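First comes the structure, then the notes that go with it.
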Amino acid sequence: MNLITNLKQTTAASLLHLYQVTISPEQVLVNATKPEFEGDYTVVLFAFVKQLGKSPDVVGNELGAAMQKALPTIITHYNIVKGFLNFTISNDYWLAYIKNADTKSLVPPTTTPQKIMVEYSSPNTNKPLHLGHLRNNFLGLSIAEILKVQGHEVVKTCIVNDRGIHICKSMIAWQLFANGATPSSTNKKGDHFVGDYYVKYNDAFKAEVAGLVAGGMTQELAEKEASIFKAAQEMLLKWEQGDAATLDLWKRMNSWVYEGFEVTYKKIGSDFVKTYYESNTYLLGKELVEQGLSKKVFYQKEDSSVWIDLTGDGLDEKIVRRKDGTSVYITQDIGLAQLKQKEFNNDVSIYVVGDEQNYHFKVLKLICQKLSLPAADGIHHLSYGMVELPTGKMKSREGTVVDADDLVDAMIAISKEKTEALGKVSDFTSDQLTALYNTIGLGALKFFLLRVDPKKKMIFNPEESIDFHGFTGPFIQYTHARIKSILRKTGVTVSITNNELLPLEKQLAIELSTFPAIINEAAENLDPSKVAIYAFNLAKLFNTFYAELSIANAESETKKQVRIQLGILTAATLQNAMRVLGIEVPEQM
RNA sequence: AGCCUCGUAGUAUAAUGGAUAGUACAUGAGUUUCCGAAACUCCAAAUCCAAGUUCGAUUCUUGGCGAGGCUACCA
């Protein structure tokens, strides 16, 4: 049992014994003691002094004595400061922890493993991936790893938005302007190639609209009347009718895009057990509309369109089938949710999607619940904020996006530059160097995008935002590499016979012991930033420890053994923490 | 108009209602005869405003002000 749980339970038991009051262990607040006070863990007394009708000092003294008596090998001292009961934990406890910690299973597996689907990435096939997609991909990858390390079975899926008017725009522009050019004929990555035509479409569209407006048309009308827009609409119609030539071009251009995506996904580490294509799924959900009608979850209006009334749940009315009988977005998503559940039999389904769709997912979950679809309660939306630039929102139509490939390449280039300047890897082969630059560059980028609460929108300043010092991936990678280098020289732990701990040694042990709780917190909140913050704090603490205390030249052999073991545990914990963020840690850098 | 997020030093961020609001970058001052200085140490600097609940509020409630998003028979 972990120490905090133990302290909570003992507090509750002691209170029951002393005062005959029942307080559940979850109600007991146990915190790490602030450094300026004596002690390791603190029980906050205010919560129960009121119902006991005694002063905090009296309760503190009685409770402290009782707890020490209950846990004689764990608690060595206690003191009370203004309603805070501080406990000092015995060195023996921490030494036993250091000795017994297993680097192969730092996180105990959950007792209730589930099958969890994580859907992430959701690209459009009319343009390459950008910075926003990177945040999405890194969040999806990370949350999948966090759940895996807890012992859940994870299925990663992707839904590709491969049809619709936006793709037709790229297709039209290609027909108009490409003269038969292809990615290979222009030596361009396929997704970028197609994306260029999307931009060309918009340029042409804008120019045409401007011309029409100059000729006296209103902006609104001009946007509807522009011939290039009409051509795109017509193409969408042909696509829906199954026109062979249109489908051929669509398939051809999409295949270019997929080739490009594959390169990017491989580079950033994204993979999927199953990829769904919207062109296959956009007709799903039709039977569900019928079911919903017969279950009276949905109702039909006079024009024969079908709706659900969610006003009772504080939301609006929502259409689920148009009067012409076709599905809308939400209907497709309900159908896809059902399909995925049928195929994989998952208990939980996590959607990594931007926060502009918060309302959509609230509605989706509600409808699935009302239709009594299996695992409807397991639907979770991992909602994340937009990534914006100092100049404002990114707009792919206007070409003001930070391209994913460019950014990744730039990060790798910077890591190369910095690594070369330090000259610590002269013994690496060129393949090893390439791998190292990738590890560091991607580590910096992933960490930067994962270290903040996903819910918050973030501003990305390409020039200033990326750093290799401080609260960054490379800082943690460096700390790991340094520990490994030290351990290569000192050898492994032989045995621990020491019986005392210096404050920094104990502090490090305490920090190491909280890792499983951090993982649980991150999983519960679908928030990898908790792990990123933890990894940084641990690395920082180790660096302080290392600056103060020598490992190789420790005061005694027994001290050396303890510190080697602390080094081993720190390196393993950093490696595990970074792994669940999708970041590798090098042995040397 | 309604609904949902968010507002913390110059910048970026942290804090299940708990102690003197933590951290990084940038700024300033230091630390290499000793295990890796991508490191460490120290200085300075912040909770949008106003009420309320509480022993205690960055956190909860209400009202302002400000930013973004959603309220599509687009996806």
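Heavy-atom basis, side chains included; hydrogens, waters and symmetry copies ignored. Source: prediction; values computed, not measured. Every chain is numbered from 1, with letters handed out A, B, ... down the list of sequences.
Nearer to the 5' terminus of RNA chain B, by closest-nucleotide assignment, is the contact made by A:A32 (compared with the other of A:Y282 and A:A32). Where A:L315 and A:I165 each meet RNA chain B at their nearest nucleotide, the meeting point lying more 5' is that of A:L315.
Look at B:A29: its Watson-Crick or wobble partner, with both distances under 3.5 angstrom, is B:U41. Across all strands shown, B:A9 has no partner, as no Watson-Crick or G-U wobble contact with both distances under 3.5 Å is found.
The base of B:A75 is not paired with the side chain of A:D333 by any donor and acceptor separated by under 3.5 Å. With hydrogens and angles ignored, a donor-acceptor pair under 3.5 angstrom links the side chain of A:D303 to the base of B:C73. For a distance-only test at 3.5 Å, the side chain of A:T490 fails to qualify as a donor-acceptor partner of the base of B:C35.
Closest to the side chain of A:T544, out of B:A37, B:C73, B:C40, is B:C40. The side chain of A:F84 has B:A19 as its nearest neighbour among B:C40, B:A38, B:A19. Closest contact between the side chain of A:I486 and the listed nucleotides B:G36, B:A75, B:A14 involves B:G36. With B:A15, B:A37, B:A12 as the choices, the nucleotide that has an atom nearest any side-chain atom of A:K530 turns out to be B:A15. The side chain of A:K457 approaches B:G68 more closely than any other nucleotide in the set B:G68, B:A19, B:A24. Of the candidates B:A19, B:A75, B:A38, the closest approach to any side-chain atom of A:K82 belongs to B:A19. Residue A:E356 has its side chain nearest to B:C70 when only B:A75, B:C70, B:A14 are considered.
Comparing B:C4 with B:U11, their P atoms sit 29 Å apart, to the nearest whole Å. Remark: the separation of the P atoms in B:G63 and B:A26 is 43 Å, to the nearest Å.
Across all strands shown, A:F468 has heavy atoms under 4.0 Å from base atoms, whether or not it also approaches the sugar-phosphate.
Seen from the ring of A:W307, A:K301 counts as a face-on cation partner, given the 6.0 Å and 45° thresholds.
For A:K560 and A:E555, the salt-bridge test fails: no basic side-chain N is under 4.0 Å from an acidic carboxylate O. Salt bridge status for A:E290 with A:R321: present, with a side-chain N to carboxylate O gap under 4.0 Å.
For B:C74, the OP1/OP2 oxygens have no side-chain nitrogen or oxygen of A:R163 closer than 4.0 Å. For A:H469 and B:A39, the shortest distance from a side-chain N or O to OP1 or OP2 is below 4.0 Å. For A:K456, a side-chain nitrogen or oxygen approaches OP1 or OP2 of B:G7 to under 4.0 Å. Side-chain N/O atoms of A:N543 include one lying less than 4.0 angstrom from OP1 or OP2 on B:C40.
The aromatic ring of A:Y546 stacks onto the base of B:C35, its centre lying under 5.5 Å from the centre of the six-membered base ring with the two planes under 30° apart. With centres under 5.5 Å and a plane angle under 30° as the test, the ring of A:Y478 is not stacked against the base of B:A39.
Residues A:Q300 and A:L293 meet the side-chain proximity criterion, which asks for heavy atoms closer than 4.5 Å. Residues A:R482 and A:T479 have side chains not in contact (no heavy-atom distance under 4.5 Å, counting atoms from C-beta outward). With contacts defined as side-chain heavy-atom distances shorter than 4.5 Å, the pair A:I519/A:Y534 does not qualify.
Atoms CD1 and OG1, from A:I412 and A:T439 in turn, are 9.0 Å apart once rounded to the nearest 0.5 Å.
Using cut-offs of 30° and 60° on the angle between ring planes, the pair A:H133 and A:H130 is tilted.
Sorted by residue number, the members of residues 34-46 of chain A with any non-hydrogen atom under 4.0 Å from RNA chain B read A:K34, A:E36, A:F37, A:T42, A:V44, A:F46.
A:Q233 contributes no side-chain N or O that, together with a main-chain N or O of A:C168, makes up a donor-acceptor pair within less than 3.5 Å.
Straight-line distance from the CZ atom of A:F536 to the P atom of B:A15: 15 Å, rounded to whole Å. Whole-Å rounding puts the A:Y359 OH to B:C74 C1' distance at 16 Å.
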